[in-house]
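Some notes on the structure that comes next.
All residue numbers refer to positions in the sequence shown, counting from 1.
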Amino acid sequence: MPRTDDGTSSPAGATSTSLLIRLRGIKPSLSPAEDRVADIVLADARRAAGLTISELATAARTSETTVLRFCRRLGLPGYPQLRLTLAEESAQPRTMSNNGTDISAKDSIDDIIAKVAFTDASAVEETAQQLDREAMATAAATIAKAGRVDIYGIGASSIVGTDLQQKLHRIGIVAFSWNDPHIALTSATLLGPGDVAVGISHSGTTTETIEALAAARSTGAKTVAITNFPLSRLASGVDFLLTTAARETSLRSGATASRIAALTVVDCLYIAVAQRNLRRARKAVVDTREAVAGHHVTD
């Protein structure tokens with residue numbers, strides 16, 4: 001994935017990535033002062049677009065120099081471009097701040113349903129918008145010809161890993177999903193050139209998944225990371241980086257939105273792999289469906 005001079009990601013082959021999506025992705029890597037600027041921008045992009053650089057710096061309790069550095073972290077040459085981009089994005093019909101999607105004590109059931117639905121739908125739409133097309137295509141081609149695919153995920157990410165394993169296995173790709181740290185490390189050390197290791201972690205900071213991918217890389221296996229944060233430890237040094245764009249709120253850490261976003265990536269990856277040998281994949285799906293047909297109620 002190409003990167004700007006300051007280390008932020010610029011997905012090759014993707015449609016123009018929303019600045020707010022990009023900001024949420026790099027937020028954990030920002031300095032405390034830059035993070036305060038980010039909080040103001042994400043809380044109300046429309047209001048932030050109307051502030052001068054001095055006003056934004058004052059509101060964030062920082063300096064104008066920090067605001068300019070914040071702009072460069074986003075790949076923008078200066079503050080005017082930030083204001084213009086925020087104004088354009090806040091004018092889009094589908095916008096809601098992070099605070100707007102969080103649950104409050106006064107929310108009705110209708111409010112809860114609307115906020116959850118908005119967050120989950122946005123996770124799918126925004127993930128699709130910013131996915132690196134080139135990385136997806138190359139990762140799919142590598143998996144399609146791999147001798148073996150090992151998938152690592154802990155906690156909620158293990159659900160996504162199991163889904164990917166089941167999908168790949170159904171079209172004839174030898175795949176295993178591991179959520180036990182010891183077994184994951186054992187499997188990773190047995191991989192070699194021609195094999196692929198996939199690490200899944202929303203935060204990109206899960207130690208066990210990072211260690212498993214590092215072990216797989218040391219054996220010569222190709223590595224794929226699926227994470228929400230392109231500058232995270234998990235993303236560092238992998239061959240193929242596939243990012244999600246999910247928003248988690250105070251009550252929804254490890255929420256459905258992050259899994260839906262990762263499952264969107266998994267679905268796209270699976271279809272791209274199947275497409276490499278479409279005739280074989282279709283036959284495998286038909287054969288496996290027929291194999292379990294007798295276990296479905298028909299009346």
Side-chain angles (χ1 to χ4, degrees), residues 1 11-15 17-18 21 25 116-146 149-179 196-202 204 209 222-230 234-235 238-248 254-289 292:
M1 174 181 288
T15 54
T17 303
S18 160
I21 295 174
V116 170
F118 177 89
T119 303
D120 290 354
S122 295
V124 173
E125 292 178 7
E126 294 176 356
T127 293
Q129 176 188 343
Q130 57 79 58
L131 257 178
D132 187 328
R133 273 62 172 165
E134 182 180 333
M136 174 68 72
T138 313
T142 305
I143 290 173
K145 63 183 180 182
V149 179
D150 274 23
I151 305 158
Y152 312 114
I154 302 296
S157 294
S158 69
I159 300 171
V160 181
T162 300
D163 185 70
L164 177 57
Q165 185 271 333
Q166 186 270 340
K167 283 181 165 64
L168 293 177
H169 185 71
R170 192 168 184 185
I171 58 172
I173 304 293
V174 178
F176 303 89
S177 178
W178 310 107
N179 60 13
V196 176
V198 181
I200 304 170
S201 168
H202 174 78
T209 307
K222 293 294 185 181
T223 53
V224 181
I226 300 176
T227 180
N228 205 72
F229 300 102
L234 182 71
V238 297
D239 296 294
F240 310 109
L241 175 59
L242 303 175
T243 54
T244 58
R247 316 179 193 196
E248 291 196 335
T256 303
S258 60
R259 290 197 298 278
I260 286 177
L263 287 169
T264 298
V265 174
V266 162
D267 266 353
C268 292
L269 184 60
Y270 157 69
I271 294 298
V273 171
Q275 188 187 43
R276 297 284 163 172
N277 194 331
L278 200 53
R279 180 178 298 179
R280 185 186 74 173
R282 283 175 172 161
K283 183 180 185 303
V285 169
V286 170
D287 289 346
T288 53
R289 183 183 295 122
V292 299

With rounding to the nearest 0.5 Å, note down the distance linking [atom1] in [X] to [atom2] in [Y].
X	Y	atom1	atom2	value
I159	L164	CD1	CG	14.0 Å
I173	K145	CD1	NZ	12.0 Å
I21	T244	CD1	OG1	10.5 Å
Q165	S158	CD	OG	12.0 Å
L131	T264	CG	OG1	8.5 Å
K283	N277	NZ	CG	11.5 Å

Any donor and acceptor pair, going by atom type alone, linking the side chain of [X] with main-chain N or O of [Y] inside 3.5 Å?
X	Y	answer
N179	I154	no
T138	A135	no
T227	T243	no
T209	G153	no
E126	A123	no
D132	L242	no

On a heavy-atom basis, which atom in [X] and which in [Y] lie closest, and how many Å separate them?
X	Y	result
A245	T127	N-OG1, 2.9 Å
A128	R133	O-NH1, 2.8 Å
N228	A246	OD1-N, 2.7 Å
P230	A235	O-CB, 3.4 Å
L234	G199	CD2-O, 3.9 Å
A257	T119	CB-CG2, 3.7 Å

Q) Side chains of V285 and I171: does their closest heavy-atom pair fall under 4.5 Å? A)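 V285 reaches I171 side chain to side chain.
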Q: State, with a plain yes or no, whether a side-chain heavy atom of I143 is found less than 4.5 Å away from one of K222.
A: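 The answer is no; the side chains never approach within 4.5 Å.
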**Q.** side-chain contact (heavy atoms from CB on, under 4.5 Å) evaluation trace for D163 with Y270
**A.** CA-CA 10 Å; D163 185 70; Y270 157 69; over 6 Å; no
Q: Check whether more than 12 heavy atoms from other residues, nucleotides or ligands sit under 6.0 Å from atom CD of Q166, and answer yes or no.
A: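 Atom CD in Q166 is crowded, with more than 12 foreign heavy atoms closer than 6.0 Å.
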(Q) Would you say that more than 12 heavy atoms from the other residues, nucleotides or ligands in this model lie under 6.0 Å from the CZ of R282, or not? (A)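 Counting neighbours around CZ of R282, 12 or fewer heavy atoms of other residues, nucleotides or ligands fall under 6.0 Å, so no.
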(Q) Are H202 and F229, when compared by the centres of their aromatic rings, separated by less than 6.0 Å? (A)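 Yes, close enough.
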(Q) Could you go through M136 and L269, starting from their C-alpha distance and side-chain angles, then the distance that decides it, and tell me whether this counts as side-chain contact (heavy atoms from CB on, under 4.5 Å)? (A) CA-CA 7 Å; M136 174 68 72; L269 184 60; 3.7 Å; yes
Q | Evaluation steps, side-chain contact (heavy atoms from CB on, under 4.5 Å), between V198 and V149 | A | CA-CA 7 Å; V198 181; V149 179; 4.1 Å; yes
Q: Would you please test I151 and V160 for side-chain contact (heavy atoms from CB on, under 4.5 Å) and show each step?
A: CA-CA 10 Å; I151 305 158; V160 181; over 6 Å; no
